[in-house]
Amino acid sequence: MLDSGALLFKGLKLTRGQEVQERLTATTIAKSYDLMGYNAVGVSKYELTAGLDFLVKLSKEVSFSWLSANLVQKSTSEPIFTPYITVPANNLKIGVIGLTDPTAKNMLSTAAVTILPWEKVLPVLLEKLKLQTDMIIVLSNLPPAENRKIAEQFKDIHLIIQAGKAGGDIVPKALNNTLITQTAKQGKYVGIMNINWRNSRQWGTDKAGTLKKQRNTLGRLNWQISKYEKHGDPLESLKKYPAKLQVYKRLLKQRQSVEQQVERLSQEIKASHGAPEPCTFKNRFVAMETTMPDDQQVKELVDKLNKKVNEMGKARAKINQNMHKKYSGWRPCGNCHAKILAAWQKTKHAKAYETLVEKKRQFNLDCIYCHVTGISRSNAVDALSIGVDLREVSCEACHGPGKKHLKDPERFKLIARPTAKLCLTCHTEEHDGSFDYEQDSKLVHQEAEVK
């Protein structure tokens with residue numbers, strides 16, 4: 001089980017007021033990976049958000065390896081973390097190397113540590129590992145273009161698993177003799193690869209398996225065609241049934257194509273008799289649906305984290321009704337927009353804060369800013385002391401601060417309709433993957449028109 005990194009922190013800087021919480025979350029993620037039995041995780045710049053010392057300390061609290069061959073002591077070029085590991089798999093030995101994106105150098109607070117280019121460290125490691133292992137995997141959080149350069153240059157690398165905050169699932173594709181793949185961010189998918197490894201160490205097509213499938217397909221087509229032919233020549237018997245005749249002709253065309261493929265594969269297999277068998281694989285991405293049952297040990301870790309985070313937030317919370325000078329709260333809006341306000345009170349936005357209370361996360365700085373009014377992620381700590389009438393996603397969350405509007409509605413107009421960009425600050429793919437702005441925005445007022 002391998003991960004190329006970019007998993008401990010969401011951003012490259014700790015959020016003001018959330019430093020302790022974000023470190024606790026990162027620690028919980030690492031310990032969860034440990035419980036799940038991961039062999040190795042690559043070190044990316046998103047692992048260095050809380051500093052190199054934090055990651056070094058964390059690496060000693062888990063049993064899996066943090067891999068980086070090019071994050072080194074500047075004076076000696078000695079790696080800070082484990083550069084590679086070897087993992088037994090049946091009768092094989094797999095070498096796994098970690099590469100850190102050089103832009104992570106900006107995350108280092110000391111000049112004593114640097115990140116070497118892959119061109120300097122990779123050739124030396126490959127010469128060593130190709131003699132000790134049967135297969136070599138690289139965990140890389142370098143840009144995709146750099147990963148392609150690596151694949152083009154080194155045939156001894158058989159698989160590159162890349163990581164980053166951009167891009168979704170990438171089906172493994174061979175470049176030179178290297179497969180390059182990636183799973184979507186935020187742990188929404190797990191990539192599972194079944195590999196049939198051969199002594200050739202060369203990726204290829206399972207021609208024998210493909211031939212078998214094609215012969216099975218040919219058998220099904222012959223059976224379907226025979227049903228049309230049992231009453232004589234279908235070209236004559238189906239003249240009055242043009243739709244059926246069209247299907248019959250299409251089946252004949254498909255059969256001809258499959259017969260040609262069967263013949264071609266048979267000839268290729270015959271010609272390659274005695275040649276080394278190629279290595280093959282099957283890959284699939286499994287969606288981590290919320291309906292899946294939780295692992296009890298991991299759940300206990302997460303529950304402990306949420307409880308700790310909520311306790312810390314609660315200790316810092318001080319209610320201050322006058323904290324937001326620009327916001328009035330939702331109650332005065334009813335003076336002019338009674339019907340719209342009544343409709344809003346029936347929506348999920350009106351109960352956004354209550355959902356956190358029910359889950360005991362109302363003091364969690366990673367959650368609260370999207371369940372109140374007038375707060376963003378950058379100042380989420382201010383939500384701990386927000387007024388009662390702002391503890392939900394109310395009118396001003398979408399239409400802007402309303403105190404000036406209350407005093408002079410004609411002069412100080414509010415936003416008539418929030419943009420999709422505003423909605424997507426909270427309705428992110430991570431938390432609301434099915435969000436549809438055009439459809440869902442109508443639900444805020446039960447399709448009432450805002451004037």
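In this structure a side-chain-to-backbone donor-acceptor pair under 3.5 Å is missing from Thr133 to Ile136. The main-chain N or O of Gly402 is never found under 3.5 Å from a side-chain atom of Ser328 such that the two would form a donor-acceptor pair. In this structure a side-chain-to-backbone donor-acceptor pair under 3.5 Å is missing from His427 to Asp432. One N or O on the side chain of Thr181 and one on the backbone of Ile170 form a donor-acceptor pair closer than 3.5 Å. When atom types are taken as modelled, the side chain of Gln21 and the backbone of Leu365 share a donor-acceptor pair closer than 3.5 angstrom. Between the side chain of His349 and the main chain of Ser394, no donor-acceptor pair closer than 3.5 Å is present. Asp436 places a side-chain N or O within 3.5 Å of a backbone atom of Gln439 that can act as its donor or acceptor partner. Remark: the backbone N or O of Thr100 is paired with a side-chain donor or acceptor of Asn70 at under 3.5 angstrom. When atom types are taken as modelled, the side chain of Asn283 and the backbone of Pro172 share no donor-acceptor pair closer than 3.5 angstrom.
Glu392 places a side-chain heavy atom less than 4.5 Å from the side chain of Trp330. Contact check for Phe435 versus Leu424: side-chain heavy atoms found under the 4.5 Å cut-off. Residues Thr178 and Leu159 have side chains not in contact (no heavy-atom distance under 4.5 Å, counting atoms from C-beta outward). For the pair Thr347/Leu443, no side-chain contact is recorded, criterion being any heavy-atom separation below 4.5 Å from C-beta on. In this structure, Tyr189 and Met288 have side chains that are not in contact, with every pair of non-hydrogen atoms separated by 4.5 Å or more. For the pair Leu139 and Val96, the minimum side-chain heavy-atom distance is below 4.5 Å. Residues Glu22 and Thr15 meet the side-chain proximity criterion, which asks for heavy atoms closer than 4.5 Å.
In this structure, Phe281 has its ring center under 6.0 Å from that of Trp203. Taking the six-membered ring for Trp, His337 and Trp344 have ring centres at least 6.0 Å apart.
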Open item on the list: I'd like to know whether His158 forms a side-chain contact (heavy atoms from CB on, under 4.5 Å) with Arg201, so could you lay out the CA-CA distance, the side-chain angles of the two residues, the decisive distance to 0.1 Å, and finally the verdict.
Closed with: CA-CA 8 Å; His158 305 107; Arg201 296 191 180 194; 4.0 Å; yes

- [ ] Begin from the C-alpha positions of Val113 and Leu71 and carry the test side-chain contact (heavy atoms from CB on, under 4.5 Å) through to its verdict.
- [x] CA-CA 7 Å; Val113 178; Leu71 177 55; 3.6 Å; yes

Task: Pair Asp134-Lys93, salt bridge (Lys or Arg N to Asp or Glu O under 4.0 Å): steps then yes or no - done: CA-CA 5 Å; Asp134 301 286; Lys93 187 179 285 187; over 6 Å; no

Open item on the list: The test is side-chain contact (heavy atoms from CB on, under 4.5 Å); show your working for Leu142 and Ile150 and say whether it passes.
Closed with: CA-CA 10 Å; Leu142 275 69; Ile150 292 171; 4.3 Å; yes

TODO: In sequence, state the C-alpha distance, the side-chain angles, and the governing distance for Leu2 and Ile161, and then conclude on side-chain contact (heavy atoms from CB on, under 4.5 Å).
DONE: CA-CA 8 Å; Leu2 304 170; Ile161 304 174; 4.3 Å; yes

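Across Ile386, Leu390, Asp389, a single residue satisfies side chain to side chain contact (heavy atoms under 4.5 Å, CB included) together with Tyr327, and that is Leu390.
Lys74 and Ala111 get closest at one heavy-atom pair: CD-O, 3.3 Å. Here the shortest heavy-atom pairing between Ile368 and Ala380 reads CG2-O, 4.2 Å.
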Show every donor-acceptor pair shorter than 3.5 Å between a side-chain atom in residues 40-57 and any protein atom, with sequence neighbours excluded, or say none if there are none.
unit_1	atom_1	unit_2	atom_2	d
Ser44	OG	Ala6	N	3.0
Ser44	OG	Tyr46	N	3.0
Ser44	OG	Glu47	OE1	2.6
Lys45	NZ	Thr103	OG1	3.3
Glu47	OE1	Ala6	N	2.9
Glu47	OE1	Ser44	N	2.9
Glu47	OE2	Ala6	N	3.3
Glu47	OE2	Leu7	N	2.8
Glu47	OE2	Leu8	N	3.1
Thr49	OG1	Gly11	O	2.7
Lys57	NZ	Glu61	OE2	2.9

Distance-only check: which donor-acceptor pairs under 3.5 Å involve side-chain atoms of residues 117-125, not counting sequence neighbours?
unit_1	atom_1	unit_2	atom_2	d
Trp118	NE1	Glu146	OE1	2.8

Show the atom names and distances, to 0.1 Å, of all donor-acceptor pairs under 3.5 Å that link a side chain in residues 75-88 to residues at least two apart or in another chain.
unit_1	atom_1	unit_2	atom_2	d
Thr76	OG1	Glu78	N	3.2
Tyr84	OH	Lys128	NZ	3.0

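Asp169 and Thr183 form no side-chain donor-acceptor contact under 3.5 Å, judged by distance and modelled atom types alone. Neither side chain, Asn141 nor Gln162, offers a donor N or O lying under 3.5 Å from an acceptor on the other. Tyr38 and Asp3 are not linked by any side-chain donor-acceptor pair at a separation below 3.5 angstrom, with hydrogens and angles left out of the test. No side-chain N or O of Glu152 forms a donor-acceptor pair with one of Asn176 less than 3.5 Å apart.
Taken together, the cysteine pair Cys370 and Cys426 places its SG atoms within less than 2.5 Å of each other.
More than 12 heavy atoms of other residues, nucleotides or ligands lie within 6.0 Å of NZ in Lys188, so this atom counts as buried by the packing criterion. Around atom NZ of Lys404, no more than 12 heavy atoms belonging to other residues, nucleotides or ligands sit under 6.0 Å away.
Classification of Glu396 and Arg331 as a salt-bridged pair fails, no side-chain N sitting under 4.0 Å from a carboxylate O. Comment: Lys10 engages Asp366 in a salt bridge, judged by a side-chain N to carboxylate O separation of less than 4.0 angstrom. Using a cutoff of 4.0 Å between basic side-chain nitrogens and carboxylate oxygens, Glu19 and Arg23 are not scored as salt-bridged.
Here Phe64 pairs with Trp66 under the ring pair (Phe, Tyr, Trp, His ring centres under 6.0 Å) rule; sequence neighbours left out. Judged as a ring pair (Phe, Tyr, Trp, His ring centres under 6.0 Å), and not counting sequence neighbours, Phe285 has no contacts.
Residues in residues 283-306 take part in these salt bridge (Lys or Arg N to Asp or Glu O under 4.0 Å) pairs, two or more places apart or across chains: Lys299-Asp303.
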